[in-house]
Amino acid sequence: MSIDTETARRVAKLARIQVEEDALPALAQEFNTILGFIEQLNEVDVDGIEPMTSVTPMRLKRREDVVTDGHQPDKVLANAPDAREGFFAVPKVVE
Amino acid sequence: MSELSKLTIAEARDKLRAGDVTAVELTEACLSEIEGAKALNAFVHNTPEIALDQAKAADARIKGGDAPDMCGIPLGIKDLFCTKGVPSQAASAILGGFKPEYESTVTQNLFDAGAVMLGKLNMDEFAMGSSNETSTYGDVVNPWRRGNEDTALTPGGSSGGSAAAVAADLCLAATGTDTGGSIRQPAAFVGITGVKPTYGRCSRWGIVAFASSLDQAGPMTKTVRDAAIMLQTMCGHDPKDSTSADLAVPDFEAALTGDIRGKKIGIPKEYRMDGMPDEIEKLWEQGREMMRDAGAEIVDISLPHTKYALPAYYVIAPAEASSNLARYDGVRFGHRAKLAQGDGITEMYEKTRAEGFGDEVKRRVMVGTYVLSAGFYDAYYNRARKVRALIKRDFEQVFDQGIDAILTPATPSAAFGLGEMSDADPVQMYLNDVFTVTVNLAGLPGVAVPAGLDKQGLPLGLQLIGKPWAEDEMLNFAYCLEQSTGFVEKPSKWW
């Protein structure tokens with residue numbers, strides 16, 4: 001599998017990271033190096049092996065479905081780059 | 001005064017209880033060492049006011065006869081831990097200005113026991129790195145130097161600030177986190193002890209997430225006993241982390257008997273790497289001899305899928321990172337890019353993340369995005385998770401054969417120069433974690449113990465890998481090794 005500039009552009013878009021056009025070929029090259037390293041995994045016989053979901057087998061705990069936290073909008077918004085009237089503010093989303 | 005910062009936790013605990021020293025004196029000694037050690041760039045956010053308040057409170061508790069082991073012990077805290085009201089940036093520009101409104105469980109446990117926070121420690125950005133060169137705060141410098149050279153060396157990473165601070169006696173101990181070797185590799189590079197506990201032993205709540213199925217917090221200390229004492233306070237069940245284990249925590253310090261007679265120590269043949277320096281091979285051999293002399297049985301074992309641990313890690317960790325780091329979008333916390341006329345929300349995300357993340361973080365987020373994307377999920381991500389299951393099975397089979405712990409080198413080399421790897425491709429840097437990463441993939445406990453110096457005078461470490469939830473026994477093996485090697489060397493002060 002070889003990654004071209006077009007794939008690098010698509011991955012950057014999916015990851016929501018702006019990458020300048022002239023940086024894409026070098027990025028594609030880096031991906032190829034890393035993916036070339038990862039390709040070794042194809043040597044392993046994984047027939048009949050279940051993909052690991054949890055490294056320590058344990059049943060997830062359950063608790064009563066009740067509110068345990070909340071009512072602190074000021075704290076929630078305290079670190080926001082832009083917060084107004086109890087909301088996070090972002091650029092206009094709908095035209 | 002500076003002698004006080006050189007104390008171990010155990011020594012300080014005894015002196016505090018005996019009234020020979022106060023927590024305020026200990027804290028002031030450390031603060032003054034930190035002030036004089038700017039050249040190391042280990043501490044990046046100092047919190048002297050918090051430290052002195054905590055120290056005064058600790059002194060009052062000690063006077064009242066209520067002194068847990070960590071009471072009054074001055075610590076450095078890795079920047080990955082969220083600490084209430086104190087910058088917690090994970091060494092990333094994207095979390096610039098972020099001051100959490102809450103405290104991580106691990107730091108809360110330490111503070112509840114009376115520990116003192118001196119400040120936040122430098123690290124690789126989002127814990128992604130093995131040399132502490134990806135930090136927004138700049139490189140950390142290893143207090144050790146090669147012979148008489150003044151080349152600046154890496155302290156390792158990602159817990160490089162923690163490692164340098166403990167080795168340079170700026171604090172008595174520090175917290176670290178370990179996703180692929182980030183406690184054990186830097187501990188080995190600076191000649192201190194570093195423990196990664198069993199996955200689930202320490203709560204991950206309030207620790208900035210890198211790869212959630214691999215991340216574990218642990219202590220970085222001057223001795224194995226200190227690691228036992230500090231881990232005791234850090235760990236325990238936490239309802240706020242659904243993967244935190246609801247299991248009784250053994251008394252780690254009480255387990256340090258030094259008696260390992262009749263125990264079986266496995267030596268995995270796959271850890272004998274091509275091109276491994278002779279000195280590392282020799283150190284490993286010495287470790288085997290020491291444990292044999294102490295009465296353990298040395299058994300050759302095989303962990304056949306070892307070779308595939310790093311490639312599996314470099315699918316799984318970036319995949320989880322791409323998901324975890326999706327939250328840095330410029331909306332709820334941290335940095336938001338300045339927008340141009342007409343920019344919408346997508347431009348805000350893309351510019352914010354381009355400005356806020358460093359190159360290595362971007363690389364891993366994008367690799368993770370790729371391996372999780374439609375059409376590649378099975379070929380990469382699912383295959384890696386299957387290989388991970390096989391790596392874990394390798395260990396289970398060995399432990400089922402009666403092996404009590406596994407002895408390996410901690411790193412494939414001693415500390416290298418800052419910038420020396422800058423022309424190498426990313427994969428070369430990843431090879432630093434070749435001996436440590438299997439442990440994270442299998443969820444096992446591991447400890448790096450300093451074992452000797454190489455011919456350039458740099459520390460080298462050995463690693464012991466324990467059975468799940470058997471940190472007590474693993475630490476006893478480490479204690480035995482520590483007694484046998486008698487490693488007490490310290491870097492000569494140049495900073």
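Note that the structure is a prediction, hence the values are computed from the model and not measured. Note: hydrogens, waters and symmetry copies are ignored here, and every other heavy atom, side chains too, is used. In what follows, every chain begins at residue 1, and chains take the letters A, B, ... in the order their sequences are listed.
Ring pair Y370(B)/F31(A) is parallel by interplanar angle, where below 30° counts as parallel and above 60° as perpendicular.
Interface summary for chain A: among I345(B), V365(B), L214(B), V371(B), the most heavy-atom pairs under 4.5 angstrom belong to I345(B). Chain B forms more heavy-atom pairs under 4.5 Å with one residue of E43(A), Q72(A), Q29(A), E50(A) than with any other, namely E43(A). By number of non-hydrogen pairs under 4.5 angstrom with chain B, the leading residue of V90(A), L14(A), D45(A) is V90(A). Top candidate by heavy-atom pairs under 4.5 Å with chain B, chosen from V11(A), L41(A), I38(A), is L41(A). Ranked by heavy-atom pairs under 4.5 Å with chain A, the list A312(B), G200(B), S373(B), S213(B) is led by A312(B). Among Y308(B), Y102(B), W469(B), Y381(B), the residue making the largest number of heavy-atom pairs under 4.5 Å with chain A is Y308(B).
Using modelled atom types, one side-chain atom of D394(B) and one backbone atom of H305(B) make a donor-acceptor pair closer than 3.5 Å. The closest donor-acceptor contact from the side chain of N32(A) to the backbone of I3(A) lies under 3.5 Å. Looking only at distances, no side-chain donor or acceptor of E270(B) sits under 3.5 Å from a matching main-chain atom of T306(B). No donor-acceptor pair closer than 3.5 Å links the side chain of D215(B) to the backbone N or O of A209(B). No side-chain donor-acceptor contact under 3.5 Å links T198(B) to the backbone of P468(B). N382(B) contributes no side-chain N or O that, together with a main-chain N or O of R385(B), makes up a donor-acceptor pair within less than 3.5 Å. When atom types are taken as modelled, the side chain of K196(B) and the backbone of L444(B) share a donor-acceptor pair closer than 3.5 angstrom.
Within the 4.5 angstrom heavy-atom criterion, no atom of T352(B) approaches chain A. For chain B, the nearby part of A89(A) is the backbone; its heavy atoms alone come within less than 4.5 Å. Contact of M348(B) with chain A is made through the side chain alone, with heavy-atom distances under 4.5 Å. Only the side chain of F357(B) comes within contact range of chain A, with at least one heavy atom under 4.5 Å from a heavy atom of that chain. Both the backbone and the side chain of L310(B) have a heavy atom closer than 4.5 Å to some heavy atom of chain A. Contacts between N42(A) and chain B at a heavy-atom distance below 4.5 Å involve backbone atoms as well as side-chain atoms. For chain B, the nearby parts of F37(A) are the backbone and the side chain; heavy atoms of each come within less than 4.5 Å. For Y430(B), the part lying under 4.5 angstrom from a heavy atom of chain A is the side chain only. Interface remark: L27(A) contributes side-chain atoms only to the contact with chain B (heavy atom separation under 4.5 Å). In this structure, chain A has no heavy atom under 4.5 Å from any part of D359(B). For V331(B), the parts lying near chain A are the backbone and the side chain together; criterion is any non-hydrogen pair under 4.5 Å. If you measure heavy-atom distances from A337(B) to chain A, you find no contacts under 4.5 Å at all.
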Could you go through residues 52-59 of chain A and list every donor-acceptor pair under 3.5 Å that involves a side-chain atom there, pairing it with any protein atom two or more places apart or in another chain?
residue	atom	partner	partner atom	Å
S54(A)	OG	T56(A)	O	2.9

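Aromatic rings of Y328(B) and F98(B) (six-membered ring for Trp) have centroids beyond the 6.0 Å cut-off, not under it.
Residues of residues 314-327 of chain B that come closer than 4.5 Å to chain A, counting heavy atoms only, are Y314(B), V315(B), ordered by residue number. Contacts between residues 61-68 of chain A and chain B, defined by a heavy-atom separation under 4.5 Å, are made by K61(A).
Ion pairing between a basic and an acidic side chain is recognised when a charged N comes within 4.0 Å of a carboxylate O; E396(B) and K392(B) show such pairing.
Distance CG/D82(A) to CZ/F87(A): 13.5 Å, rounded to 0.5 Å.
For residues 9-34 of chain A, the pairs satisfying salt bridge (charged side-chain N to carboxylate O under 4.0 Å, His left out) are E6(A)-R9(A), R9(A)-E21(A), K13(A)-E350(B), E30(A)-R363(B), with sequence neighbours left out.
Between the side chains of D238(B) and T105(B), at least one donor N or O lies within less than 3.5 Å of an accepting N or O.
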